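Okay, so here's the structure we're looking at.
Quantities reported herein were computed from a predicted structural model and do not represent experimental measurements.
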Amino acid sequence: MTSFQFQKRTAEVVVDALGRQRLFALADDVGLGKTLVTGEVARILAQRRRKAGPLLVVYLTSSRRLAGQNAPRLESQLGKDAHRSSQDR
């Protein structure tokens, strides 16, 4: 199984497991593609709920550099409807 196949399958498992739940957290080892999995899950859920209103994705990280690197990846997966808002604490 390639890393892309792993990420795609993980996203499918997450979406299936969510059922009617509205929240999920994704954690794994470094380098397994959490950003790509999260983007794919968000993309699938956004497609399914277009009529239900916007989907909120909260991306937490302790690294501003990492956030700057990964935010465009998430936005590209979500397409033209993605809007970014950042907040430093």
Side-chain angles (χ1 to χ4, degrees):
M1 178 179 283
T2 67
S3 60
F4 176 75
Q5 290 168 324
F6 171 80
Q7 293 157 351
K8 187 97 168 148
R9 181 66 186 128
T10 301
E12 292 166 357
V13 169
V14 168
V15 170
D16 289 344
L18 276 173
R20 302 194 84 159
Q21 297 295 318
R22 297 177 57 114
L23 302 171
F24 78 96
L26 180 65
D28 63 24
D29 291 333
V30 173
L32 290 181
K34 288 175 289 297
T35 301
L36 295 173
V37 171
T38 300
E40 182 64 9
V41 169
R43 187 190 66 75
I44 292 168
L45 293 176
Q47 284 181 339
R48 289 184 180 181
R49 51 178 282 124
R50 288 217 188 275
K51 293 179 184 175
L55 177 70
L56 175 65
V57 176
V58 179
Y59 180 84
L60 302 173
T61 180
S62 61
S63 168
R64 180 179 274 173
R65 181 189 61 78
L66 189 59
Q69 173 185 329
N70 289 333
R73 290 179 185 173
L74 286 171
E75 289 171 337
S76 71
Q77 282 181 282
L78 293 173
K80 64 179 176 57
D81 294 330
H83 300 285
R84 184 188 331 183
S85 175
S86 63
Q87 195 171 55
D88 290 329
R89 301 243 178 204

Steps toward side chain to side chain contact (heavy atoms under 4.5 Å, CB included) verdict (Val37, Glu40): CA-CA 5 Å; Val37 171; Glu40 182 64 9; 5.8 Å; no
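- Between Val14 and the choices Val41, Leu45, Thr38, the side-chain contact (heavy atoms from CB on, under 4.5 Å) rule is met once, by Val41.
- The minimum heavy-atom distance between Gln7 and Gly33, with the atom names listed, is NE2-CA, 3.4 Å.
- Cluster annotation: Ile44 and Val13 are assigned to distinct hydrophobic clusters (Ile/Leu/Val/Met/Phe/Trp/Tyr, side-chain heavy-atom contacts under 4.5 Å, transitive).
- Interatomic distance, Asn70 CG to Arg65 CZ, rounded to the nearest 0.5 Å: 9.0 Å.
- To the nearest 0.5 Å, atom CG of residue Leu66 and atom OG1 of residue Thr35 are 6.5 Å apart.
- Taking every heavy atom of both residues into account, Pro72 and Ala67 meet most closely at CD-O, 4.4 Å.
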